[in-house]
Amino acid sequence: MTNIVIIGAQWGDEGKGKIVDLMSEKADVVVRFQGGNNAGHTLVVNGITYKLSLLPSGIVRGKLSVVGNGVVVDPWALREEIGRICALGTEVTPDVLKISDQATLILPLHRELDQMSEAAAGKGKIGTTGRGIGPAYQDKVARRAIRVGDLAEKETLSGKVDNLLLFHNALRKGWGQPEIKKEDVMAQLEEISGFILPFAVPAWKILSQQLKQGKKLLFEGAQATMLDNDFGTYPFVTSSNTIAGQAAVGSGVGMKEIDKVIGVVKAYTTRVGSGPFPTELFDADADRIREVGHEFGTVTGRPRRCGWFDAVLVRQAIVVNGVENLAVMKLDVLDQFDEIKVCVGYEYKGRKLDYYPMQMNAQAEVKPIYETLPGWKTSTYGVRDYEKLPENAKKYIERLETLLEVKIGMISTSPEREDTVIRIDPYEK
Ligand code: GDP
Ligand code: IMO
Ligand code: MG
C-alpha cells in the first residue's frame with residue numbers, strides 16, 4: 001500500500017497533471033486537497049488534450065476522484081468543466097466523482113470581489129486568476145462561508161446567506177459597489193443545488209473506507225510551493241497552503257497514511273502573475289523557452305514569465321514538502337540551447353545567501369549566482385529511456401541531483417503520458 005502526494009516545487013504549471021495522470025494507472029483514488037479552479041492541469045493521452053481545473057486528473061482513467069474539504073468549489077465552473085470533459089468521452093458521474101460536503105463554495109460574489117480588488121490594487125495587483133479563490137478562502141477562515149453540504153439544509157441556509165451578505169454588502173458599500181440582494185443569492189444557490197448535491201459526500205469517510213480496503217490514494221497538489229500562503233513569495237501567492245502537509249488537512253486522511261512525496265519541477269522556471277522571480281529572463285532566451293515550451297497559461301492564456309532553473313528555491317521546496325524524489329519536466333524545451341544556466345545561490349547586499357529570504361524587497365533584489373552547463377543541441381523529444389538521452393542532458397540531470405541532494409526519479413520529454421523516463425517508480429521502491 002502506498003499513498004503518494006504530488007506537489008509543484010516552483011511557481012505552478014510544472015506538469016503535475018501529466019505526472020498524476022501517469023501515476024494514476026497504479027493508484028485507486030485521486031484526491032484534490034486545496035486550491036480550486038485556479039489550477040489548470042493538462043493531460044495528453046493518445047493525442048487528446050484534457051484541460052482540468054477542478055476535476056482530479058484520475059477522472060480521465062475512470063479512477064475514483066475526490067475533491068477534498070480543503071478545496072474551494074465553484075459549482076458553475078465545475079458544471080461547465082464536466083460538460084467539456086464529458087464531450088471528450090470521459091464519464092463523470094456521482095459514482096466516480098465525490099465532492100466533500102465540507103468544501104467551501106465559491107459564489108459569483110467571490111469572483112466579482114476578486115476582480116474588483118485586483119482592479120483597485122492597480123500596479124500592486126497579485127495577478128490572480130480572477131476565479132474568486134482568495135475571497136472564498138477569506139470567508140472560510142472568517143467562518144461565514146457557505147459549504148457544499150449547507151445546500152442540503154434549507155432551514156439554516158437563509159441565515160448563512162444573511163451573515164455572508166452582512167459582511168460583503170458593508171465592504172461593497174465602502175467600495176461604492178451596488179449591494180447584493182439576498183433573493184438573488186438564494187436563487188443562485190437554489191439553481192445550482194440540484195447539480196452539486198448528488199456529488200456531495202463526507203469525503204473523509206469515503207477515503208477512510210478506501211484505506212481500510214487497502215486502496216492506494218494519490219494526492220494531486222495544485223499551484224506550487226512558491227505560491228504557498230506561508231512558504232511562497234507572500235503576498236504574491238495563492239490563498240491556500242499548497243505544500244504536501246496540506247494533503248492530510250485538506251482531505252481528512254491521517255498524516256501517518258501518507259507514505260511519499262514527489263515534487264514536480266520544470267527543467268527551467270516559469271511564473272504567471274506578479275511577484276519576484278530571481279532567475280527571470282527578459283531576452284531572446286526567454287522568448288525561446290516561451291515559444292518552444294508553449295508557456296501560456298492553461299487557465300487565463302496569459303504569457304508565462306520564463307527563466308533559468310533556480311536550485312535555491314527548489315532546495316527549499318524539497319525541505320518544506322519532505323520531497324523524496326523529483327520529476328523533471330519539459331527537458332525537451334532546453335534541447336537547442338548552447339548553454340544552460342542554473343542558479344546555485346543568491347547575492348544580496350554584498351552577502352551570499354543559500355536560501356530565499358522572506359522580506360519583500362530582499363526577495364525582489366537578490367541576484368542569482370549562476371553555474372553554466374553546456375547544452376546538448378540534440379532532440380530529446382519523446383525519449384523514454386535514460387540511456388538514450390544525450391550525455392550533456394544526463395550531466396544536467398545529475399548536476400541538479402547533486403545541487404538538490406535528491407534523486408530525480410522521472411524525466412518528461414513531451415506532453416504525452418508515455419513520453420517519460422522512469423528511473424525510480426514510486427510504486428516499486
Ligand atoms: P500543471 O498545472 O502542473 O499540471 O501544468 P500545466 O498543465 O499547467 O502546464 C504544463 C504544460 O506543459 C502542459 O501544456 C503540458 O502538456 C506540457 N508538458 C508537460 N510535460 C511536458 C514535457 O515533458 N515536454 C513538453 N514539451 N511539454 C510538456
Ligand atoms: P496549477 O495548479 C500557476 C497564481 C496566479 C497568481 C497567484 C494568485 O495549474 O499549477 P489566485 O487566483 O490563486 O488567487 O492567484 O497564483 N496561480 C497559479 N500559477 N499555476 C497555477 O495552478 C496557479 N494558480 C494560481 O497567477 O499569481
Ligand atoms: Mg497549470
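Since we're looking at a predicted model, the values are computed, not measured. Both ligands and their constituent atoms are indexed starting at 1 by order of listing.
- Ion pairing of Glu428 with Lys26 is present here, as a side-chain N (NZ or NE/NH1/NH2) and a carboxylate O approach within less than 4.0 Å.
- Note: an N/O pair closer than 3.5 Å links Gly15 and ligand 1 by distance alone.
- Rounding to the nearest 0.5 angstrom, the gap separating the OH atom in Tyr386 from the CD1 atom in Ile422 is 15.0 Å.
- In terms of polar-atom proximity, defined here as any N/O pair under 3.5 Å, Asp114 makes no such contact with ligand 2.
- Atom 12 (O) of ligand 2 has as its closest protein heavy atom Thr129 OG1, 2.6 Å.
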### Message
Determine whether Tyr427 and Lys216 satisfy the following criterion, side chain to side chain contact (heavy atoms under 4.5 Å, CB included), listing intermediate values before the conclusion.
### Response
CA-CA 10 Å; Tyr427 285 109; Lys216 298 189 192 80; 3.6 Å; yes

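- The existence of a salt bridge linking Arg131 and Asp114 is excluded, since no basic side-chain nitrogen approaches an acidic carboxylate oxygen closer than 4.0 Å.
- Near Ala39, meaning under 4.0 Å from any of its heavy atoms, are these atoms of ligand 2: 1 (P), 2 (O), 9 (O), 22 (O).
- Ligand-side atoms of ligand 1 in range of Thr413: 23 (O), 24 (N), range being under 4.0 angstrom from any heavy atom.
- Of the protein's heavy atoms, Arg302 NH2, 3.0 Å lies nearest to atom 26 (O) of ligand 2.
- In Gln177, the CD atom is crowded: over 12 heavy atoms of neighbouring residues, nucleotides or ligands sit closer than 6.0 Å.
- Every atom of ligand 2 with a heavy atom of Ala222 under 4.0 Å away is listed here by number and element: 2 (O).
- Residue Ser414 places a heavy atom less than 4.0 Å from ligand 1.
- Ranking the protein heavy atoms by distance from atom 16 (O) of ligand 1 puts Pro415 CB, 3.4 Å first.
- Checked against a 3.5 angstrom limit, the closest N/O atoms of Gly17 and ligand 1 fall inside it.
- Taking atom 15 (O) of ligand 2 as the reference point, the nearest protein heavy-atom neighbour is Thr128 CA, 3.3 Å.
- A cation-pi arrangement is present between Arg144 and Phe167, with the terminal nitrogen or guanidinium carbon under 6.0 Å from the aromatic centre and inside a 45° cone about the axis.
- Of the protein's non-hydrogen atoms, the one nearest atom 6 (C) of ligand 2 is Gly127 O, 3.1 Å.
- Partner Asn241 forms a side-chain hydrogen bond (donor to acceptor under 3.5 Å, both in side chains) with one of Asp230, Thr225, Asn229 and no other, that one being Asp230.
- Between Asp338 and Lys377, at least one side-chain N (NZ, or NE/NH1/NH2) sits under 4.0 Å from a carboxylate O, which counts as a salt bridge.
- Only the side chain of His41 comes within contact range of ligand 2, with a heavy atom under 4.0 Å; no backbone atom does.
- Contacts of Gln10 with ligand 2, taken as heavy-atom pairs under 4.0 Å, are absent altogether.
- In terms of protein heavy atoms, atom 12 (O) of ligand 1 is closest to Lys330 NZ, 3.0 Å.
- For the atom pair CZ (Phe219) and CD1 (Ile7), the distance works out to 14.0 Å, reported to the nearest 0.5 Å.
- Between Arg131 and ligand 2, a contact under 3.5 Å exists for no N or O pair.
- Residues Lys394 and Glu391 are paired through a salt bridge, judged by an N-O separation under 4.0 Å between the basic side chain and the carboxylate.
- The single protein non-hydrogen atom nearest to atom 10 (C) of ligand 1 is Asp13 O, 3.6 Å, given as residue, atom name and distance.
- At a 4.0 Å heavy-atom cut-off, ligand 1 does not touch Leu331 at all.
- With a heavy-atom cut-off of 4.0 Å, Phe236 does not touch ligand 2 at all.
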### CA sep, side-chain torsions, deciding dist, call: Tyr268, Glu295, side chain to side chain donor-acceptor pair (under 3.5 Å)
CA-CA 11 Å; Tyr268 46 93; Glu295 294 297 355; 2.6 Å; yes

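- Near Trp11, meaning under 4.0 Å from any of its heavy atoms, are these atoms of ligand 2: 3 (C), 19 (N).
- Checked by distance only, ligand 2 and Glu14 stay at 3.5 Å or farther apart across all their nitrogen or oxygen atoms.
- Of all N/O/S atoms in Asp13, OD1 sits nearest the Mg ion (ligand 3).
- Nearest to atom 23 (O) of ligand 1 among the protein's heavy atoms is Ser412 OG, 2.4 Å.
- The nearest protein atom to atom 25 (C) of ligand 2, hydrogens excluded, is given as Gln223 CG, 3.7 Å; this is a heavy-atom distance.
- By the criterion of a heavy-atom distance under 4.0 Å, the backbone of Val237, and not its side chain, is placed next to ligand 2.
- Of all the heavy atoms of Arg304, the ones lying under 4.0 Å from any atom of ligand 1 belong exclusively to the side chain.
- The Lys16 neighbourhood of ligand 2 comprises atoms 1 (P), 2 (O), 10 (O), with distances under 4.0 Å to a heavy atom of that residue.
- Looking at Arg399 and Glu371, a side-chain N of the basic residue comes within less than 4.0 Å of a carboxylate O on the acidic one, giving a salt bridge.
- Between Thr238, Ile126, Asn38, Leu227, it is Leu227 that holds the heavy atom closest to atom 17 (N) of ligand 2.
- The Mg ion (ligand 3) does not have Glu14 among its coordinating residues (no N/O/S atom, backbone or side chain, under 2.8 Å).
- Close approach of ligand 1 to His41 (heavy-atom distance below 4.0 Å) involves ligand atoms 1 (P), 2 (O), 4 (O), 7 (O).
- Counting heavy-atom neighbours within 6.0 Å of Trp76 CH2, excluding the residue itself, gives a total above 12.
- Taking every non-hydrogen atom of Gly273 and a distance limit under 4.0 Å, the qualifying atoms of ligand 2 come out as 27 (O).
- Backbone or side-chain N, O or S atoms of Gly40 reach the Mg ion (ligand 3) at under 2.8 Å.
- Not a single N or O atom of Lys18, backbone or side chain, sits closer than 3.5 Å to an N or O atom of ligand 1.
- Taking atom 27 (O) of ligand 2 as the reference point, the nearest protein heavy-atom neighbour is Val272 O, 3.2 Å.
- Counting heavy atoms of neighbouring residues, nucleotides and ligands inside a 6.0 Å radius, atom CZ of Phe337 exceeds 12 of them.
- Salt bridge status for Arg304 with Asp13: present, with a side-chain N to carboxylate O gap under 4.0 Å.
- Within a 6.0 Å radius of CG in Asp385, other residues, nucleotides and ligands contribute more than 12 heavy atoms.
- For ligand 2, the atoms lying closer than 4.0 Å to a non-hydrogen atom of Asp13 are 1 (P), 3 (C), 9 (O), 10 (O), 20 (N).
- Remark: ligand 1 and Asp332 share an N or O pair separated by less than 3.5 Å (distance only, no angle test).
- The number of heavy-atom neighbours closer than 6.0 Å to NZ of Lys160, taken from other residues, nucleotides and ligands shown, is 12 or below.
- Under the side-chain contact (heavy atoms from CB on, under 4.5 Å) rule, Asp21 has a single partner from His41, Lys16, Arg61, Glu220, which is Arg61.
- For the pairing with Glu401, the salt bridge (Lys or Arg N to Asp or Glu O under 4.0 Å) check across Arg315, Arg423, Lys395 returns one residue only, Arg423.
- What sits closest to atom 15 (C) of ligand 1 on the protein, heavy atoms only, is Thr42 CB, 4.0 Å.
- The existence of a salt bridge linking Asp28 and Lys63 is excluded, since no basic side-chain nitrogen approaches an acidic carboxylate oxygen closer than 4.0 Å.
- Considering both main-chain and side-chain atoms, Gly40 comes within under 3.5 Å of ligand 1 through a nitrogen or oxygen pair.
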